[in-house]
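Since the structure comes first, as structure tokens, the remarks are kept for the end.
Convention: sequence-line order gives letters A, B, ...; per-chain numbering from 1.
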Number of protein chains: 2
Amino acid sequence: MSEGRAIPEATVARLAVYLRVLGSLSDGGLSTISSEALANAAGVNSAKLRKDLSYLGSFGTRGVGYVVQVLREQISTCLGVTEHRSVVLVGVGNLGHALAGYAGFGSRGFRIAGLFDADPRRIGEGISGLTVQGMDELAAVVAQEAVSIGVIATPADAAQEVCDRLVAAGVTSILNFAPAVLSVSDNVDVRKVDLAVELQILSFHEQRKAAGLKAVL
Amino acid sequence: MSEGRAIPEATVARLAVYLRVLGSLSDGGLSTISSEALANAAGVNSAKLRKDLSYLGSFGTRGVGYVVQVLREQISTCLGVTEHRSVVLVGVGNLGHALAGYAGFGSRGFRIAGLFDADPRRIGEGISGLTVQGMDELAAVVAQEAVSIGVIATPADAAQEVCDRLVAAGVTSILNFAPAVLSVSDNVDVRKVDLAVELQILSFHEQRKAAGLKAVL
DNA sequence: AGTCGCTTGTGAACGTAGGCACAAAGTCGC
DNA sequence: GCGACTTTGTGCCTACGTTCACAAGCGACT
Ligand SMILES: NC(=O)c1ccc[n+]([C@@H]2O[C@H](COP(=O)([O-])OP(=O)(O)OC[C@H]3O[C@@H](n4cnc5c(N)ncnc54)[C@H](O)[C@@H]3O)[C@@H](O)[C@H]2O)c1
Ligand SMILES: NC(=O)c1ccc[n+]([C@@H]2O[C@H](COP(=O)([O-])OP(=O)(O)OC[C@H]3O[C@@H](n4cnc5c(N)ncnc54)[C@H](O)[C@@H]3O)[C@@H](O)[C@H]2O)c1
């Protein structure tokens, strides 16, 4: 069974990166690639890359490398993005507008099935071929379009409520851009993106560098 | 020496979250908090939280908990955000506009020192009190405003070039929103945010759930 | 056919992170 | 002032992730 072994979380994250890199490489016309070369392009160690790929099975050729097209298919299958997966986006403000207009959505295996907002003034607005709908429509769209992923781009104080509505509608994975901790039942996955947290981590390392410098003086 | 032990990367990421949570709690008027309560609010295990805080020293009171204000100061100091840290943003397109207008920047310890874009049509545009400048101005602003962090929100194919210019100007930490792997020298830190990667990780787990369901049938 | 060089796939060793469980240390009530 | 109760700080153990190093496998060239 190719799905027998459990794939580590860290590996899954890198698989997504490999897939992206393979995309540009195959656009460049390359048909096979060695673990060393792909690892370089993805910014990781080649041993790590090989171990990551080994979780999917072994379809490299020793002495040659991997066939780019085969790798892409294997990784896509593993990540479940062989066909476009539907997502809904809730909160069409500053950030929501940018996300709604983002081309990378479509090219990386996802389709926006609906845009939603609570503000009546936003409802009806058209963004890149979609119309913003009211929250009342959410459940129907999720059910009808088999949406499994919801993206939250509302203010933090609305995030938990929106999350609850998404889950109630049948969404089982959530990507949260609001700076708020969401509580959900065990069968729902949540990932968060917090700009300020990322900056603060960088800031921490800056702090460190400065301290090290001082120690030298 | 309070900075004696090395703080694990994972802990640093959580410290930023604790800081955010403590912010809303102290706005709510709370003056002390137990590890249990804070852990709940931050969505982590209380033992983990205590271990995280222990890296900064030990300033909790047994039987009582932590003084919110003290904790905030300690974490802020550790993360290097006691005073506002300056950042520059390069690439004022869809995403860049949203970032430039983001209030969370200021409230979480950062100040946008400049907005930059290569497109002459964007230069001169005003966004939330700042004017978009040309790339020629970058080096001067970085030097003058002591900028240590650069944010890249340009298309992927421009990211490496922009990164190089930022580093040449003196920036030593980079937050990259473009789906591209950046190569930098060892003294520069890079963090990336890739929407599609996040979605693909969620997609993987959806895949898993679906497979598990099939196994039951 | 045999040999040589290259690249994969993985076992084993190491390092990092998570979580339990409990002694130490403090507060609060009496 | 004392005892009971609460909560911290941490030692230890397990699990996960990374890296090295190399045998096994494949193709190409002679
Ligand atoms: N703008 C950024 O660059 C940025 C960066 C990082 C994080 N964030 C976070 O993303 C979120 C959105 O940011 P923004 O700048 O787009 O804010 P915004 O105020 O421009 O947009 C928020 C949108 O959510 C809608 N909304 C509010 N309550 C709602 C509800 N209960 N149900 C449905 N929709 C609701 C509002 O009508 C509005 O359209 C915030 O939590 C912010 O902290 C933003
Ligand atoms: N829009 C989103 O929601 C979103 C989400 C995730 C990631 N991203 C990524 O963020 C990046 C920006 O996305 P966007 O939607 O804002 O794109 P965009 O095309 O709207 O904006 C890009 C901006 O970068 C500027 N630019 C181009 N080359 C430059 C250079 N060499 N130096 C300086 N500036 C330059 C352009 O003039 C433009 O203003 C892209 O890499 C995209 O993949 C966007």
Phosphate OP1/OP2 of C/dG9: any A/Y66 side-chain N/O under 4.0 Å
yes
Quick one: is D/dT8 close enough that its OP1 or OP2 comes under 4.0 Å of any side-chain N or O from B/S35?
yes
For A/I7 and D/dG17, give me the distance from atom CD1 to atom P, rounded to whole Å.
12 Å
Just by distance, do the side chain of A/S58 and the backbone of A/S54 share a donor-acceptor pair under 3.5 Å?
no
Could you tell me how far apart B/E9 (CD) and C/dG18 (C1') are, to the nearest whole angstrom?
16 Å
Is the shortest side-chain N to carboxylate O distance from B/E9 to B/R191 below 4.0 Å?
yes
Calculate the interatomic distance between A/Q74 atom CD and C/dG9 atom P; express it in whole Å.
11 Å
Kindly say whether A/V81 contributes a backbone atom to a donor-acceptor pair with the side chain of B/Q207 at under 3.5 angstrom?
no
Would you say the side-chain atoms of A/T11 pair up with the backbone N or O of A/I7, donor to acceptor, closer than 3.5 Å?
no
Polar side-chain atom of A/S26 near backbone of A/S31 as donor-acceptor pair, under 3.5 Å
no
Residues 141-164 of chain A side chain polar contacts: donor-acceptor under 3.5 Å, at least two apart:
| residue | atom | partner | partner atom | Å |
| --- | --- | --- | --- | --- |
| A/E145 | OE1 | A/R111 | NH2 | 2.7 |
| A/S148 | OG | A/R85 | NH1 | 3.4 |
| A/Q160 | OE1 | A/S183 | N | 2.9 |
| A/Q160 | NE2 | A/D164 | OD1 | 2.9 |
| A/Q160 | NE2 | A/S183 | O | 3.1 |

Enumerate the residues from residues 36-53 of chain A whose closest heavy atom to DNA chain D is under 4.0 Å, giving them by residue number; use none for an empty result.
A/N45, A/A47, A/K48, A/R50, A/K51
Per the side chain to side chain contact (heavy atoms under 4.5 Å, CB included) rule, which among B/V70, B/V67, B/V68, B/L71 passes with B/T32?
B/V67
Letter by letter from the 5' end, nucleotides 23-30 of chain C scores (B base, S sugar-phosphate only, - none; protein heavy atoms under 4.0 Å) -BBBS---
Whole angstrom is fine here: how far is it from OH in B/Y55 over to P in D/dT10?
10 Å
With a 3.5 Å distance limit and no angle check, can you tell me whether B/K209 reaches the backbone of A/T172 through a side-chain donor-acceptor pair?
yes
